[in-house]
There are 2 protein chains.
Amino acid sequence: MSSLTPDETILGLLAAQARHGYELLECFRSTQQLGRVWDLSTSQLYAVLKRLEREGAIVGREVGSENAPPRTEYRLTGKGAERLHRWLNEPQPSASIRRIRVEFLSRLYIARQLNIAADSVVRHQREACLAKYQQLIAERDQVEMGIDFLALDLHISQLEAVLRWIARCEITPASG
Amino acid sequence: MSSLTPDETILGLLAAQARHGYELLECFRSTQQLGRVWDLSTSQLYAVLKRLEREGAIVGREVGSENAPPRTEYRLTGKGAERLHRWLNEPQPSASIRRIRVEFLSRLYIARQLNIAADSVVRHQREACLAKYQQLIAERDQVEMGIDFLALDLHISQLEAVLRWIARCEITPASG
DNA sequence: ACCACCTATTCCACGATAGAATAGATACCA
DNA sequence: TGGTATCTATTCTATCGTGGAATAGGTGGT
């Protein structure tokens with residue numbers, strides 16, 4: 001598992017419409033949008049754009065503006081769109097608490113932005129969490145009281161909370 | 001807030017007894033010990049030891065062994081012990097889910113290893129979580145349905161689970 | 001004699017990241 | 001009209017963290 005990068009989320013934002021770096025940055029800063037989900041620095045955003053372009057998932061073109069500095073507007077390529085949809089439909093998403101908080105919320109948001117039904121996204125996430133939950137329960141039964149047990153027990157509690165929250169997600173899909 | 005490093009946890013392990021790198025590594029690998037709390041690579045562990053020595057929190061000395069390669073055994077300095085106890089008694093620990101999972105569990109484990117009462121550690125953590133919890137509840141009331149609300153609601157659910165878990169911690173202190 | 005594995009640590013190349021720097025345009029105020 | 005503050009937009013740089021391989025001594029098996 002590689003670390004948590006906004007690559008696919010950016011692909012999703014660009015799938016909705018072509019944008020330049022600064023616009024994307026605002027999407028990630030506004031609490032109305034992804035501000036509570038991601039915390040990106042300027043340089044990280046531009047570094048990701050460079051990487052995505054190098055990988056052929058997006059292409060940029062220089063756009064001169066009358067009342068602002070020149071900007072580079074990026075749009076999705078076919079390759080990028082393919083990667084985006086693989087990510088959205090990931091059948092076995094991570095059940096890590098952190099990844100749920102970031103990746104799953106991003107998937108929900110992007111699906112909404114693209115007017116794609118999110119129910120399979122939610123279902124996959126719930127199934128992954130449930131599987132992990134049952135595995136942890138089984139492990140906890142083998143373990144004696146100690147730091148080990150506490151860590152497992154906390155993890156299990158976190159997953160229980162996630163499962164209840166996901167159930168609420170399913171009846172109130174993300175808007176905005 | 002800097003990122004999540006095992007520096008103080010290592011100071012704690014060295015406070016219990018002088019150890020060399022490989023021994024510490026085993027503490028971080030064994031699930032009986034900190035294996036479920038941290039996931040350190042070899043190079044990270046040695047890098048931290050170098051840093052702690054440079055900062056004067058620990059000192060290493062070469063120890064020749066009969067049946068193994070030479071090793072560097074580290075012990076805590078006065079400066080290191082001071083830093084360790086500041087960390088253990090931190091009055092306002094982070095209420096971030098991730099930090100609770102890692103830092104708080106480490107504090108509990110280290111307190112136990114040093115035969116120090118953990119109740120103030122637990123109390124500080126509960127207070128920090130409760131404050132954060134109430135702040136998030138207030139924020140949620142201001143926010144309309146959307147990704148923003150879902151993110152807040154998930155965060156709140158996670159903190160509720162943590163608070164219930166902490167209540168259980170208080171009646172069953174960590175052993176081993 | 002050789003290989004595999006354990007102990008113990010170092011090295012290196014790469015990428016991430018924070019924060020400053022650059023730079024053009026507009027707006028405000030004295 | 002000069003100053004400076006602020007917004008738009010991106011790049012640069014120095015540092016740090018990291019994974020993975022390399023190094024290296026010792027031990028036990030076949």
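Residue numbers begin at 1 in each chain, while the letters A, B, ... track the order of the sequences.
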Checklist entry - Does B/Arg51 have a side-chain nitrogen or oxygen under 4.0 Å from the phosphate oxygens OP1 or OP2 of D/dG17? => result yes
Next on the checklist: Looking at D/dT10, I'd like to know if its phosphate oxygens (OP1 or OP2) sit under 4.0 Å from a side-chain N or O belonging to A/Lys50.
Outcome noted: no
Name the closest nucleotide to the [X] side chain, picking from [options].
{"X": "B/Tyr22", "options": "C/dT17, D/dT8, C/dT7", "value": "C/dT7"}
{"X": "B/Thr42", "options": "D/dT10, C/dA8, C/dT10", "value": "C/dT10"}
{"X": "A/Arg71", "options": "C/dT10, D/dA9, C/dT17", "value": "D/dA9"}

Next on the checklist: Base, sugar-phosphate or nothing for A/Thr72? Non-hydrogen atoms, less than 4.0 Å.
Outcome noted: sugar-phosphate
Checklist entry - Between the side-chain atoms of B/Ser43 and the base atoms of D/dG20, is any donor-acceptor pair under 3.5 Å? => result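 Side chain to base: pair found, below 3.5 Å.
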Item to check | side chain to side chain contact (heavy atoms under 4.5 Å, CB included) partner of B/Arg83, chosen from B/Leu88, B/Leu52, B/Leu76, B/Thr77 | outcome: B/Leu52
Next on the checklist: B/Ile58 and side chain to side chain contact (heavy atoms under 4.5 Å, CB included): which single residue from B/Asp7, B/Ile10, B/Leu14 fits?
Outcome noted: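 When side chain to side chain contact (heavy atoms under 4.5 Å, CB included) is applied between B/Ile58 and each of B/Asp7, B/Ile10, B/Leu14, only B/Leu14 qualifies.
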Next on the checklist: With a 3.5 Å distance limit and no angle check, can you tell me whether A/Asn89 reaches the backbone of A/His85 through a side-chain donor-acceptor pair?
Outcome noted: yes
Spacing between [X] atom [atom1] and [N] atom [atom2], to the nearest angstrom:
{"X": "A/Arg54", "N": "C/dC14", "atom1": "CZ", "atom2": "C1'", "result": "11 Å"}
{"X": "A/Leu40", "N": "D/dA9", "atom1": "CG", "atom2": "P", "result": "18 Å"}
{"X": "B/Arg29", "N": "C/dA8", "atom1": "CZ", "atom2": "P", "result": "13 Å"}
{"X": "A/Leu45", "N": "C/dT17", "atom1": "CG", "atom2": "P", "result": "12 Å"}
{"X": "A/Tyr46", "N": "C/dA23", "atom1": "OH", "atom2": "C1'", "result": "13 Å"}
{"X": "A/Gln44", "N": "D/dC16", "atom1": "CD", "atom2": "C1'", "result": "15 Å"}
{"X": "B/Leu25", "N": "C/dA8", "atom1": "CG", "atom2": "P", "result": "11 Å"}
{"X": "B/Leu49", "N": "C/dC11", "atom1": "CG", "atom2": "P", "result": "15 Å"}

Checklist entry - Do NZ/NE/NH1/NH2 and the carboxylate oxygens of B/Glu139 and A/Arg36 come within less than 4.0 Å? => result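 Salt bridge between B/Glu139 and A/Arg36, a charged N being under 4.0 Å from a carboxylate O: yes.
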Item to check | Intermediate values then yes/no, side-chain hydrogen bond (donor to acceptor under 3.5 Å, both in side chains), A/His124 and A/Glu127 | outcome: CA-CA 5 Å; A/His124 288 150; A/Glu127 283 164 4; 5.2 Å; no
Next on the checklist: On DNA chain C, does the nearest nucleotide to A/Ser41 precede the nearest nucleotide to B/Glu62 from the 5' side, or the other way round? Give the residue.
Outcome noted: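 That would be B/Glu62.
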